[in-house]
Number of protein chains: 2
Amino acid sequence: MSKENASKNQLLRMPTYLYHLKMLKESGVEYVTAPKLARELDLNVELVKKDLALVSLDQGKPRVGRSIDVLITDMIAFLEYDQITEAVLIGCGSLGSALADYQGWSNFGLKIVAIFDNDMKLIGTKINNLTVLPLERLEEIQAIYHAPIGIITVSKQAAQIIAERLVKAGCRALWNFAPVHLRVPKRIIVQDESMASSLAILNHRLRQ
Amino acid sequence: MSKENASKNQLLRMPTYLYHLKMLKESGVEYVTAPKLARELDLNVELVKKDLALVSLDQGKPRVGRSIDVLITDMIAFLEYDQITEAVLIGCGSLGSALADYQGWSNFGLKIVAIFDNDMKLIGTKINNLTVLPLERLEEIQAIYHAPIGIITVSKQAAQIIAERLVKAGCRALWNFAPVHLRVPKRIIVQDESMASSLAILNHRLRQ
DNA sequence: TAGATTGTTAATCGATTAACAATC
DNA sequence: TAGATTGTTAATCGATTAACAATC
């Protein structure tokens with residue numbers, strides 16, 4: 001199976017499996033079956049079977065399932081968490097700082113190599129070993145790193161301009177935390193991270 | 001149209017429309033049509049037509065579209081952004097602090113009424129007018145507020161325990177930022193906010 | 001009027017779920 | 001062996017897209 005066929009929903013589920021598998025491994029479990037995972041993660045069995053088949057390089061054994069170790073390895077390879085992708089982050093407000101401060105990105109194959117802001121009070125301060133750089137230096141720094149990912153944690157007013165600068169500076173993908181629809185060339189990948197959308201679903205379900 | 005029928009994807013799109021409508025309003029536009037929104041947000045026209053019909057209390061006018069003002073009002077009513085729902089937040093690390101610090105929640109009908117941590121260095125400090133309270137006081141404070149939403153920004157190790165305490169303390173919905181699947185009673189609404197999943201999609205698309 | 005937009009009904013598409021034979 | 005689990009094929013479900021008559 002090649003991952004070209006992975007659907008968006010499947011991709012979304014994969015990290016959940018990985019977390020859970022790691023937890024099971026820690027508690028000493030050596031083999032895992034689709035029905036077990038389905039029960040523990042509240043998913044449909046057939047769904048889990050198909051997801052596992054997609055990432056697994058070899059078949060599972062009837063009545064036994066799969067080796068957790070092998071499955072974890074396959075999952076990491078599938079998600080390409082072993083290959084580091086570099087990113088620059090623009091906007092060191094509280095959200096941007098929190099992202100820059102997060103120690104766990106390397107587990108997901110992400111490395112933030114430079115962080116920028118245009119606030120004089122922030123420029124020069126350090127977050128997680130990274131110095132906040134003035135926004136003017138974005139192009140100069142990108143010319144060195146060629147980071148494929150740009151993380152946008154600026155205000156909605158600034159987001160479109162920043163997006164355009166990142167694209168010009170060579171970013172091929174934008175992880176957008178600002179609540180605006182970014183207009184960029186077709187070839188550019190935009191992943192919107194909308195807390196508002198997420199909250200809308202929560203609220204809707206809460207109110208029946 | 002009643003919002004009982006709103007699909008998950010429709011809910012996800014709604015805040016995007018609202019942001020865009022507000023932006024158009026600011027730039028002086030008075031009427032908007034489905035084809036215009038579809039073009040500007042890179043969506044299918046029929047999709048937009050159905051989404052607007054779902055939230056609109058009255059019909060659009062052929063050749064004219066809808067009044068932006070009325071549509072914004074309808075959208076806010078639909079998303080219930082005018083009704084404040086209270087929340088307690090557990091875990092004032094960098095992500096939790098960023099969420100507590102965010103000034104815009106009231107625009108989405110959310111009000112964080114209390115924030116908790118068990119780190120002595122954080123307890124007593126102030127974030128956005130809220131004092132970080134010791135975790136032991138969670139039940140006592142919840143007995144006063146009865147906040148329906150619990151925001152979980154603790155480590156994955158602590159998340160399940162915190163979830164259970166929040167449920168016992170009367171939360172009906174959990175907004176979970178920890179990378180674990182929470183096991184809670186069926187009646188409890190869980191909205192997972194997984195950066196890892198989001199990043200997985202971005203990375204996958206980036207690598208072709 | 002002509003034509004863009006509306007709402008709605010039908011067709012398509014894709015993901016989830018169910019069913020089942022094969023396996024250890 | 002019996003029975004749980006596997007992979008796969010078929011059925012179902014729901015969302016998106018296309019088609020079209022009605023409207024101003």
Side-chain angles (χ1 to χ4, degrees), chain A residues 1-14 16-17 20-21 24 29-68 70-71 74-75 78 181 197 200-201 204-205, chain B residues 1-14 16-17 20-21 24 29-68 70-71 74-75 78 181 197 200-201 204-205:
Chain A
M1 270 291 141
S2 116
K3 76 173 195 302
E4 321 298 314
N5 325 318
S7 77
K8 196 189 155 191
N9 287 356
Q10 281 185 305
L11 255 338
L12 284 171
R13 286 191 292 269
M14 295 310 178
T16 309
Y17 291 126
H20 198 72
L21 291 170
L24 289 175
V29 181
E30 289 185 17
Y31 284 85
V32 72
T33 65
K36 180 182 166 72
L37 281 175
R39 266 194 313 276
E40 294 179 352
L41 295 172
D42 297 316
L43 294 170
N44 178 283
V45 191
E46 282 76 21
L47 200 69
V48 177
K49 284 198 274 182
K50 287 196 172 159
D51 289 346
L52 296 189
L54 185 67
V55 300
S56 280
L57 299 181
D58 34 47
Q59 300 215 134
K61 288 178 200 150
R63 283 201 51 100
V64 179
R66 289 179 159 85
S67 151
I68 287 221
V70 173
L71 195 47
D74 287 351
M75 188 68 82
F78 179 84
H181 176 74
S197 293
I201 290 181
H204 178 264
R205 295 202 285 163
Chain B
M1 269 291 141
S2 116
K3 76 173 194 302
E4 321 297 313
N5 325 318
S7 76
K8 196 188 156 192
N9 287 356
Q10 281 184 305
L11 256 337
L12 284 171
R13 286 191 293 270
M14 295 310 177
T16 310
Y17 291 125
H20 198 72
L21 290 170
L24 290 175
V29 182
E30 288 185 19
Y31 283 85
V32 72
T33 65
K36 179 182 166 71
L37 280 175
R39 266 194 313 276
E40 295 179 352
L41 294 172
D42 297 315
L43 294 170
N44 177 284
V45 192
E46 282 76 21
L47 201 68
V48 178
K49 283 197 274 181
K50 289 196 172 164
D51 288 347
L52 296 189
L54 184 67
V55 300
S56 280
L57 298 181
D58 34 47
Q59 299 215 135
K61 288 180 200 147
R63 284 201 52 99
V64 178
R66 289 178 161 85
S67 151
I68 288 221
V70 173
L71 195 48
D74 287 351
M75 189 68 82
F78 179 84
H181 176 73
S197 293
I201 290 181
H204 178 264
R205 294 203 285 164

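Keep in mind that this is a model prediction, so the values were computed, not measured.
C:dT12 and D:dA15 make up a base pair, with Watson-Crick or G-U wobble contacts both under 3.5 Å. The pairing partner recorded for D:dA21 is C:dT6, the criterion being a Watson-Crick or G-U wobble arrangement whose two distances lie under 3.5 angstrom.
A straight line from CG of A:Leu43 to P of C:dT17 spans 9 Å, rounded to a whole angstrom. Here C:dA15 presents its C1' atom at 13 Å from CE of A:Met14, a figure rounded to the nearest Å.
Listed nucleotides: D:dG7, D:dA19, D:dA15. Nearest to the side chain of A:Lys49: D:dG7. Relative to the side chain of B:Pro35, the nucleotides D:dA18, D:dT9, C:dT6 differ in distance, and C:dT6 lies closest.
Phosphate contact (OP1/OP2 of C:dG7, side-chain N/O of B:Arg63, threshold under 4.0 Å): absent. Between B:Arg66 and C:dG7, a side-chain N or O to OP1/OP2 separation shorter than 4.0 Å is present. Of the side-chain N and O atoms in B:Asn44, one or more sit less than 4.0 angstrom from OP1 or OP2 of D:dT17.
Side chains of B:Leu21 and B:Val29 form no contact here, defined as non-hydrogen atoms less than 4.5 Å apart. Side-chain contact between B:Leu43 and B:Thr16 is absent, with no heavy atoms from C-beta onward closer than 4.5 Å. Between A:Asp74 and A:Arg66 the shortest side-chain heavy-atom distance does not fall below 4.5 Å.
Between A:Leu47 and A:Pro62, the residue anchored nearer the 5' end of DNA chain C, judged by the nucleotide with its closest heavy atom, is A:Leu47.
Within 4.0 Å of A:Lys61, counting heavy atoms only, lie sugar-phosphate atoms of the nucleic acid but no base atom. Within the nucleic acid shown, B:Gln59 comes within 4.0 Å of sugar-phosphate atoms alone, with no base atom in reach, counting heavy atoms only.
Remark: the backbone N or O of B:Gly65 is not paired with any side-chain donor or acceptor of B:Thr33 at under 3.5 angstrom.
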